[in-house]
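Labels below follow one simple rule: chain letters A, B, ... track the order of the sequence lines, proteins then strands, and each chain is numbered from 1. FYI, side chains are in, hydrogens and waters are out, and symmetry mates aren't considered; it's all heavy atoms of this structure.
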Number of protein chains: 2
Amino acid sequence: MGMGRPREFDAEMALDQAMEVFWRHGYEGATIAQLTEAMGINPPSLYACFGNKEGLLKAALDRYTKLRGAWMDEVVAAPTARAVAERMLMGIAEKQTDPANPPGCLLVQGGIACGTGSENVPFELAARRAQNEDQLRDRFVRAKAEGDLKESADPAALARYVSAVSVGMGVMASSGADREALRQVASVAVQAVEAQSADRPQ
Amino acid sequence: MGMGRPREFDAEMALDQAMEVFWRHGYEGATIAQLTEAMGINPPSLYACFGNKEGLLKAALDRYTKLRGAWMDEVVAAPTARAVAERMLMGIAEKQTDPANPPGCLLVQGGIACGTGSENVPFELAARRAQNEDQLRDRFVRAKAEGDLKESADPAALARYVSAVSVGMGVMASSGADREALRQVASVAVQAVEAQSADRPQ
DNA sequence: CCAGATATGTAGTGTTCGCTACAGATGTGG
DNA sequence: CCACATCTGTAGCGAACACTACATATCTGG
């Protein structure tokens, strides 16, 4: 009972290429032919490794959120709620206009509305976005406990707000907004968080 | 030289149905079969009247923005920049969770990322969103001239911000956020506009 | 009532889609 | 060297896609 012929391609490198195709064309807009060409493999290798197109998307999303996870940890490590929001939104302005990647965010570009048979793709993306929102909420809960946010502040609402602005910026970026435009949006958006911050002693 | 057989269906009613299909499934996810069934017509009638699938989308977008236009006029008629933002975002929270329509906004759900051959669809939607942003910007320019916004305020940035929040709320709505969640986001978002408002005499 | 013009329903067209059968290649364990 | 297991490339599967040819039906102008 041998172990069989070994795989000739690197799964993570292939996933990076698939990620980019989904990012640029969305789940339904990306074809298997485009994916296999970008990944440098043939269809049977793709299906043997990832099951089917949706399995490939999930693997790409896993990789995307893993790469983003480290950055999100830096974000919530900022000292105050305001600094967290600023670091997050300004960072997003940079990332979503990074010419090394397609514009916008994979968790949005991947597929907001899908056709019959792919109805769960939008929910899959929403679930991943919710993870970031939860991380933000936890951070804002802490900020409130530390007296950094006002007593009247709602950490969950703040997290939802920052998440919503992030998504809006992603859509803007994908439709051509430049880095400066996104920075302006981030700059205005942070002021809402500042308005929820406690007046600190100078 | 007769005028030919008259159309047996109402174009606007048919467009309303097509609008809903695009809204729910996106441009690429919507099939001609779904569209014709919803519109109550056969493919040849669709192509004779709207040219092709993309022509139908544009006609549906025209109708959508026309319906929304009246509401946007009410929004910018609010007395202050803050009131404009509040009326806009709170209204969007209602509209995007109205069970009479699919959740979210057609100008987002229609297609953020598309496959080869439909690359211009996202730009078409972006152009329509830009119209709303322009309308907001003009209103904020006026607000600044009236002393309603601070001297340091940037009307274009504020308009972009409100537009971005709207889009973000739309995506949230389409992925299951309820009306109360959207209201919370709107409520926080308005505070950024308030922070740009001049201190008014009490 | 006729001729021209446009709309409609049936029934397809060619193409592309996601996916896979199959044969050959390349590995391991005995 | 052999049995077995897994991967790879070719080639193509059935289904669904956007779209249309064509015959028929229903109008107007004369």
Between [N] ([atom2]) and [X] ([atom1]): distance, integer Å:
X     : N      : atom1 : atom2 : value
A/N42 : C/dA23 : CG    : C1'   : 14 Å
A/M3  : D/dC4  : CE    : C1'   : 13 Å
A/E8  : D/dT8  : CD    : P     : 5 Å
A/I41 : C/dC19 : CD1   : P     : 14 Å

Note to self: Any residue in residues 20-35 of chain A with a heavy atom nearer than 4.0 angstrom to DNA chain C? Just list them by number, or reply none.
What the structure shows: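 Output list: A/A30, A/T31, A/I32.
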Next item on the list: Enumerate the residues from residues 46-57 of chain A whose closest heavy atom to DNA chain C is under 4.0 Å, giving them by residue number; use none for an empty result.
Entry: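 Residues of residues 46-57 of chain A that come under 4.0 Å of DNA chain C are, in numerical order, A/Y47, A/N52, A/K53.
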Checklist line | OP1 or OP2 of C/dT8 under 4.0 Å from side-chain N/O of B/S45 | finding: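 For C/dT8, OP1/OP2 do have a side-chain N/O of B/S45 under 4.0 Å.
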Next item on the list: For B/F50, enumerate each residue passing the ring-ring contact (aromatic ring centres under 6.0 Å, His included) test, keeping only those at least two apart in sequence or located in another chain.
Entry: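 Expected list: none.
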Note to self: For A/Y64 and A/W23, take the angle between the two ring planes, folded into 0 to 90°, and tell me which bin it lands in: parallel under 30, tilted 30 to 60, perpendicular over 60.
What the structure shows: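 The arrangement is perpendicular - the two ring planes meet at more than 60°.
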Item checked: Atom pair CZ/CZ of A/R160 and A/R137 - distance to nearest 0.5 Å ->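 If we round to the nearest 0.5 Å, A/R160:CZ and A/R137:CZ are 9.0 Å apart.
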Check: Is the NZ or CZ atom of B/R7 positioned over B/F9's six-membered ring, under 6.0 angstrom from the centre and within 45° of the axis?
Finding: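 Flagged: B/R7 positioned over aromatic ring of B/F9.
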When you check the gap from the basic side-chain N to the acidic O, do [X] and [Y] get nearer than 4.0 Å?
X      : Y      : result
B/R179 : B/E94  : yes
B/E86  : B/R82  : yes
A/K150 : A/D199 : no

Next item on the list: Would you check if A/N120 and A/E54 make a side-chain contact, meaning some heavy-atom pair closer than 4.5 Å?
Entry: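 Yes - at least one pair of side-chain heavy atoms lies under 4.5 Å apart.
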Notebook entry, point to check: DNA chain D: A/P43 or A/F9, which has the more 5' nearest nucleotide?
Noted result: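 Final value for this comparison: A/F9.
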Note to self: Counting distance alone, no hydrogens or angles: does the base of D/dC27 have a donor or acceptor under 3.5 Å from a partner atom on the side chain of B/R5?
What the structure shows: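 No pair found.
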Check: Which nucleotide, C/dT20, C/dG29, D/dA21, lies nearest any side-chain atom of A/P44?
Finding: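 Between C/dT20, C/dG29, D/dA21, the one nearest the side chain of A/P44 would be C/dT20.
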Next item on the list: Apply side-chain hydrogen bond (donor to acceptor under 3.5 Å, both in side chains) to the pair B/Q34 and A/T116, showing each step before the final yes or no.
Entry: CA-CA 10 Å; B/Q34 288 174 324; A/T116 310; 2.9 Å; yes
